[in-house]
Every structure is written in structure tokens, then in C-alpha cells.
Amino acid sequence: MDTKIIKLDTDNIDYGELKIAADCISAGGLVAFPTETVYGLGADAENPEAVKNIFKAKGRPADNPLIVHVDNPDTAGNFVKKGTFENKNIRALAESFWPGPMTIICPKAEKVPDVVTAGLNTVGIRIPGNMIARELIRLSGKGIAAPSANISGKPSPTTGQHVINDLYGKVDIIIDSTNCDVGLESTVIDMSQDIPTILRPGGITREMIEDVLGVKPRVAGNLTDKDEIPRAPGMKYKHYSPKGEVIIFRGKAENISREINKRMQESIKAGIRAGILATKQTLCYYKYDNVFSMGDLEKPETIAAELFNLLRQMDSLDIEVIYAEAVSENGIGLAVMNRMGKAAGYKFINTD
Ligand code: TXA
Ligand code: MG
């Protein structure tokens with residue numbers, strides 16, 4: 001398939017080009033587009049044939065449902081069961097966090113095709129914060145069903161180039177724009193049951209949700225533990241994995257760096273290509289090639305923004321073993337550790 005690449009600047013959108021992408025969606029095509037979380041691969045949510053092509057292009061299992069993206073709360077109302085937004089908690093979340101990195105699982109409207117929801121009676125809805133994403137949705141006049149725009153199993157794409165690497169030749173259009181601000185997929189919160197439950201942690205943190213709802217949301221399983229019960233169907237699949245093996249080290253900073261240094265020296269002796277994911281504060285402990293800072297420990301959002309990019313970079317350097325430092329699970333740190341845990345197949349080593 002010929003893939004057209006459209007370069008767009010968020011601050012100065014070329015509407016002629018964006019309209020080509022929007023028309024492609026309404027005609028049943030596949031368009032990869034930027035959002036503030038990760039790039040998405042979109043199709044008209046009410047066109048089952050188009051949505052099936054998303055699964056084909058990504059190699060995604062059919063039992064993993066997609067999020068429907070809309071550009072305003074009224075359209076959101078069309079995809080959920082009548083009266084859903086009369087629920088005061090759902091309304092409060094939508095008013096507080098949309099547009100933004102939060103997907104709300106609601107009872108679905110009849111018209112949402114089974115291929116979107118994998119046959120569930122609920123649907124995930126989100127209004128993205130990224131202007132290009134919202135304008136694409138508005139111009140297409142559709143709800144856009146979209147998973148992350150990566151080949152299934154790889155880290156989600158946070159730059160246009162990541163999408164081009166994964167999907168060039170497999171989709172109609174790739175909109176290549178700014179890097180994603182948040183860098184991790186949206187928070188998924190299940191509001192279809194009595195107790196609000198975070199199925200996937202993300203940029204809207206459990207602390208922020210508690211502030212709005214006045215109660216602590218439940219967090220499904222222990223999201224950094226492999227024993228978690230996969231509540232979001234997608235959580236059971238291997239995800240975010242680079243080719244190299246990832247091992248995560250927990251504990252006091254000095255113990256972590258001592259252990260990683262020891263392992264790094266063993267790897268070098270054994271002729272294994274190893275790399276280290278450290279932080280701005282701990283970079284100085286490691287004197288080797290292939291040592292990277294994920295970001296600033298005091299600004300965990302910088303680590304979230306860089307993680308998937310670094311995992312992909314490790315692949316392009318053919319790194320066989322990645323020694324990664326754990327970070328605090330407060331705020332967005334919970335989402336960071338959830339994705340790192342998955343990338344590592346939950347290989348955690350306690351160094352204290
Ligand atoms: O930030 C994001 O959410 C990005 C951008 C493109 O919006 N999208 C994204 O989609 O990450 P995807 O398909 O890679 O992940 C969607 C997650 C999966 O874990 C899926 O199982 C879960 O949301 N999900 C979707 N619909 C659901 C439903 N009705 N019930 C429970 N989980 C659902
Ligand atoms: Mg995904």
C-alpha cells in the first residue's frame with residue numbers, strides 16, 4: 001500500500017492537508033495521527049470494515065477493544081448508553097480531564113460495532129488534548145476508533161518517525177507532527193461498574209482522580225505485578241517490549257547503582273551488549289557506553305515522556321540486556337513503573 005506522509009505543525013495547521021486525512025477517515029481509510037499521549041492509528045468507529053483493517057495493520061488480537069476518540073462531549077454522548085453522562089462521577093471526570101489523557105469506560109450505545117469493543121457491552125471514550133487530533137476528528141465528522149499506532153507488542157510510538165518505522169506501507173496516511181507530551185498511553189478508568197476502577201494508569205493520576213471524585217479509585221490488581229488480573233483486555237498481552245531483556249532494580253540509590261555496575265561489568269566480560277536506563281541524578285554513577293537518562297527524578301513526567309523513545313533506541317543499538325532503575329510510584333510514576341514492568345516481563349530485583 002502507498003502511504004502518504006503529511007507533516008503538520010500544531011501551531012500553524014495546514015487545513016488543506018488535514019482535510020485530506022479527514023476525508024480518508026470518512027472514506028473508510030486508516031490514518032495515524034498524533035495525540036498528547038502517544039500516536040494513534042484511526043478509522044471511522046462506525047465502519048466495521050475500516051476498523052478490522054486497524055487490527056490487520058497492527059497485527060493486533062481481535063479480543064482487545066479499541067478506544068473511540070471524539071472531539072467534544074456531545075459526540076461522546078452518541079457513543080455511550082443514553083443517560084451515561086447524567087452519572088455525576090462520569091460527568092465530573094469528563095469535565096475535569098477532557099480534553100486530555102483519560103479514557104472513560106462507559107456502557108456502550110447500540111450503534112458501536114462489536115469489532116470496536118471486542119463484543120463487550122462497554123466502550124472506552126476519550127477527547128484527546130492534541131489540537132491536530134481534535135481537528136482531524138471534527139473535520140471527518142466521525143468518532144475515530146484508534147489504538148496506539150505501533151506494531152502490536154512494540155512500545156507505543158511517541159514520535160512521527162516511530163510510526164513511520166512501524167506502519168509505513170501498511171496504512172493510508174501518517175500525520176507526522178510534534179513529539180507526544182505525555183509519552184505514555186491514557187489513563188483507562190472503568191466507570192461502568194459501581195466502583196471507579198483504574199484499569200491502566202497514565203497521565204491523569206489516581207491522586208488527581210481522587211481529588212475530583214472525593215474517593216480513592218480502585219486500582220485493578222497491582223499494576224506493576226505480574227499477578228494482576230487483566231481487567232482491561234489489552235493488559236494481558238505482552239507489551240512495550242524492546243528486543244533486549246529488561247531487568248528493573250529497586251532499592252536505595254547506592255544499592256541500585258552498586259548492583260547495576262556489578263552486572264554491567266559481568267556483561268562486558270561475557271561479551272554481552274548491555275545498556276543502562278538511569279536518571280539525570282544517577283547518570284554519574286555509570287561510566288560505560290549506552291548509558292541513558294530517562295529524565296529527572298524530581299519531574300517524573302520527564303521520565304514518562306522519554307521511556308518509550310529510549311526503549312526503541314535500545315533496539316536500534318541492538319542492546320541485548322537493559323538494566324533499568326526503578327522510580328517512585330507516586331503520581332505518573334505509577335504509570336511509568338507499570339509500563340517498565342511490562343517491558344521487563346516483571347523482572348524486578350530488590351537490591352536492599
Ligand atoms: O492514549 C491512548 O489511550 C492511546 C491514544 C491513541 O489515544 N490509545 C491507546 O489505545 O493506547 P490501545 O488500544 O493501545 O489501548 C487501549 C486500552 C487497551 O488496554 C484496551 O484493552 C483497553 O484500553 N480498553 C478499550 N476498551 C475497553 C473496554 N470497553 N473495557 C475495558 N478496557 C478497554
Ligand atoms: Mg497499544
Side-chain angles (χ1 to χ4, degrees), residues 19 21-33 35 37 40-58 60-91 93-95 97-100 102-128 130 133-149 171-173 185-194 196-197 199-200 231-234:
K19 184 77 171 62
D23 289 346
C24 177
I25 292 278
S26 41
L30 297 189
V31 176
F33 60 97
T35 85
T37 57
L41 176 60
D44 173 0
E46 290 179 74
N47 180 337
E49 288 312 311
V51 173
K52 273 186 206 148
N53 288 334
I54 294 179
F55 287 83
K56 269 190 220 146
K58 282 187 53 114
R60 179 176 172 111
D63 65 350
N64 192 3
L66 305 183
I67 296 167
V68 176
H69 298 69
V70 295
D71 70 320
N72 72 72
D74 290 341
T75 342
N78 295 336
F79 288 90
V80 299
K81 195 171 161 194
K82 213 163 172 272
T84 295
F85 285 98
E86 281 156 31
N87 174 309
K88 76 173 190 338
N89 283 340
I90 295 181
R91 214 174 45 234
L93 289 177
E95 281 169 5
F97 301 124
W98 279 351
M102 184 189 59
T103 297
I104 308 181
I105 307 295
C106 303
K108 80 175 192 86
E110 284 285 328
K111 71 169 184 177
V112 183
D114 276 348
V115 57
V116 172
T117 63
L120 298 174
N121 57 9
T122 54
V123 62
I125 304 271
R126 156 167 134 80
I127 304 182
N130 180 293
R134 282 208 308 283
E135 289 293 80
L136 173 71
I137 299 165
R138 185 178 65 81
L139 292 176
S140 72
K142 305 289 183 185
I144 297 187
S148 48
V171 302
D172 296 293
I173 295 177
E185 307 85 346
S186 62
T187 303
V188 176
I189 182 159
D190 185 357
M191 297 301 288
S192 70
Q193 311 289 325
D194 288 343
T197 304
L199 303 181
R200 179 175 75 182
R231 288 287 311 278

Heavy-atom closest pair, residues [X] and [Y]:
{"X": "F55", "Y": "N64", "value": "CE2-O, 3.5 Å"}
{"X": "C24", "Y": "D172", "value": "SG-CB, 3.6 Å"}
{"X": "V31", "Y": "F33", "value": "O-CD2, 3.5 Å"}
{"X": "P99", "Y": "P128", "value": "CB-O, 3.3 Å"}
{"X": "G143", "Y": "V70", "value": "CA-CG1, 4.4 Å"}

When you check the gap from the basic side-chain N to the acidic O, do R138 and D71 get nearer than 4.0 Å? no
Would K111 and E46 pass as an ion pair if we require N to O under 4.0 Å? yes
Check step by step if side chain to side chain contact (heavy atoms under 4.5 Å, CB included) holds for D44 and I144. CA-CA 5 Å; D44 173 0; I144 297 187; over 6 Å; no
Do [X] and [Y] have side-chain atoms, one donor and one acceptor, less than 3.5 Å apart?
{"X": "T75", "Y": "N72", "answer": "yes"}
{"X": "R200", "Y": "T103", "answer": "no"}
{"X": "S140", "Y": "S26", "answer": "no"}

Set out, in order, the CA-CA distance, both residues' side-chain angles and the distance that settles side chain to side chain contact (heavy atoms under 4.5 Å, CB included) for L66 and R60, then state yes or no. CA-CA 10 Å; L66 305 183; R60 179 176 172 111; 3.5 Å; yes
